[in-house]
2 protein chains.
Amino acid sequence: MSNRMIRHEPLRADADRDRILFAAAHLFREYGFDKTTVRQIAEACDLLPGSLHYRYRAKEDILVDMMRAAIEKTILGITEATAKAQDPLQQVRAALQAHIEVLLAGDDMMYVLLFEWRSLRGAAHKEMIRERDRYERCWATMLEALKEQGFIRPDVDMHLLRLIGLGAINWMATWYKKEGRYSLDEIGESLWSVISRGILAPHHLYMEKT
Amino acid sequence: MSNRMIRHEPLRADADRDRILFAAAHLFREYGFDKTTVRQIAEACDLLPGSLHYRYRAKEDILVDMMRAAIEKTILGITEATAKAQDPLQQVRAALQAHIEVLLAGDDMMYVLLFEWRSLRGAAHKEMIRERDRYERCWATMLEALKEQGFIRPDVDMHLLRLIGLGAINWMATWYKKEGRYSLDEIGESLWSVISRGILAPHHLYMEKT
DNA sequence: GTCTATACTCTGATAGAC
DNA sequence: GTCTATCAGAGTATAGAC
């Protein structure tokens with residue numbers, strides 16, 4: 001740091017951003033966005049309020065930036081997971097596990113993304129709705145493909161299925177504990193066991209069992 | 001009201017309580033507990049701040065009272081529903097539908113119960129955890145009975161199933177719209193269709209289909 | 001970029017007349 | 001029980017020196 005020649009400003013800036021967002025996320029999760037003060041955030045990332053203000057002009061800006069990062073991470077997570085999988089069924093299975101892992105692996109930003117978007121108003125609120133829709137469309141595309149290829153019973157409404165499935169996972173953030181009785185693999189396995197038996201057409205259900 | 005003889009104090013008091021809780025719940029749902037001011041609540045139920053203070057000494061007391069009422073209503077809902085049903089399977093089906101209806105029928109208090117318990121701290125927080133556990137135990141009992149009677153595949157973990165199922169329903173509060181494309185019956189039917197096929201032992205699955 | 005000090009606003013809660 | 005008036009505190013955001 002003493003030598004200007006070996007400094008990498010962009011990296012430094014990213015690290016600062018991460019440090020701030022990480023500390024803020026922890027507080028937002030613990031106390032909620034409204035009950036967390038900018039003074040607390042500043043203290044948690046070793047800055048004084050004035051310095052934090054230099055990075056983020058308003059408290060809400062921190063939340064917006066955090067949510068952008070969180071949703072990007074989520075989309076990246078299921079994109080990578082599905083890329084590895086071979087057939088469409090295993091793709092969905094992998095995406096499901098990826099969503100679980102990204103959400104519950106311990107990143108407080110994910111929790112904040114799910115439960116604090118109500119704290120945003122106006123333009124910022126609308127932007128997050130759009131971002132959420134972008135993510136949900138990834139799922140919609142995957143699920144529609146599955147249906148068109150005959151994997152799913154004809155009477156299953158894929159739109160409702162998506163809402164139900166993602167809802168079950170998202171709610172896990174309220175009860176999952178790292179030291180609890182279930183591992184992320186067990187949780188994903190259980191969920192998939194119920195859903196796959198619940199929606200697959202008989203032919204593929206049989207294949208899935210073997 | 002002008003004649004003291006025909007006044008019914010307890011009824012009046014209940015009506016006042018409902019009026020306050022209803023108005024407060026609407027605001028809490030719209031803006032969140034923290035962003036709602038006691039002045040707003042007072043105005044919404046045609047009281048002045050001082051008068052509201054007479055009923056509830058602190059803002060948090062309103063939230064606690066509201067949550068007590070909401071959880072009581074929920075427990076009453078599934079209790080009544082299961083009482084009407086005959087066999088254990090239909091009992092669970094009825095309880096599931098009851099939970100959906102109580103949660104989504106339009107009572108803002110239910111939404112607040114699900115998403116604002118984080119606003120409580122200390123003793124009040126602990127009390128709500130206990131109340132929630134009381135409710136979850138109703139479900140645990142029902143589901144355990146189902147398993148013991150052989151309705152469920154042996155490999156299904158009933159504890160996890162409860163968390164997944166109730167999670168799927170609770171999350172509905174974030175997306176369900178009264179004017180939306182799905183009725184409460186459709187939603188319940190879809191959920192049951194997936195879950196029942198996902199967990200029932202083959203023999204009962206066949207019976208369920210007919 | 002970081003710090004100190006502070007302006008300004010709004011909040012929950014209360015005191016006390018009626 | 002309801003009202004008016006107000007307090008004490010906390011909150012965000014800012015100005016300006018360094």
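Throughout, a chain's letter reflects where its sequence line sits, starting with A, and its residues are numbered from 1.
Listed candidates were C:dA13, C:dC3, D:dA13. Nearest to the side chain of A:L47 is C:dC3. In the set D:dT14, C:dT2, C:dG12, the nucleotide with an atom closest to the side chain of A:R55 is C:dT2. The side chain of A:K59 approaches D:dA13 more closely than any other nucleotide in the set C:dA13, D:dA13, C:dC3.
By the 4.0 Å N-to-carboxylate-O rule, B:R162 lies close enough to B:E136 to be salt-bridged with it. For B:K126 and B:E131, the salt-bridge test fails: no basic side-chain N is under 4.0 Å from an acidic carboxylate O.
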- Item | A:Q40/A:Y31 under side chain to side chain contact (heavy atoms under 4.5 Å, CB included): CA gap, chis, key distance, verdict | CA-CA 11 Å; A:Q40 281 178 302; A:Y31 305 106; 4.3 Å; yes
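Ring centroids of A:Y135 and A:H99 are separated by less than 6.0 Å, placing the two rings close together.
Note that B:K35 lies outside the cation-pi zone of A:F33, set by a 6.0 Å cut-off to the ring centre and a 45° limit from the axis.
Between A:Y54 atom OH and D:dA17 atom C1' there is a gap of 16 Å when expressed in whole angstrom units. Remark: P of C:dG12 and CG of B:L63 are 13 Å apart, rounded to the nearest angstrom. The distance between atom CZ of A:R19 and atom P of C:dG1, rounded to the nearest whole Å, is 13 Å. Remark: P of C:dG1 and CG of A:D16 are 8 Å apart, rounded to the nearest angstrom. Nucleotide C:dT14 holds its C1' atom 12 Å from the CZ atom of B:R39, rounded to whole Å. The separation between B:E43 atom CD and D:dC3 atom C1' is 16 Å, rounded to whole Å. Taking atom OH of A:Y56 as the reference point, atom P of C:dG1 lies 13 Å away to the nearest angstrom. Between B:D46 atom CG and D:dT2 atom C1' the separation is 13 Å, expressed in whole Å.
Base contact: A:S51 has a heavy atom under 4.0 Å from a base atom. Using a 4.0 Å heavy-atom cutoff across all strands shown, B:R57 reaches sugar-phosphate atoms only and no base atom.
Nearer to the 5' terminus of DNA chain D, by closest-nucleotide assignment, is the contact made by B:L48 (compared with the other of A:Q40 and B:L48). Looking at which nucleotide of DNA chain D each of B:G50 and A:K35 is closest to, the 5′-most match is held by B:G50.
In this structure, B:H53 does not reach the C:dA13 phosphate: none of its side-chain N or O atoms is under 4.0 Å from OP1 or OP2.
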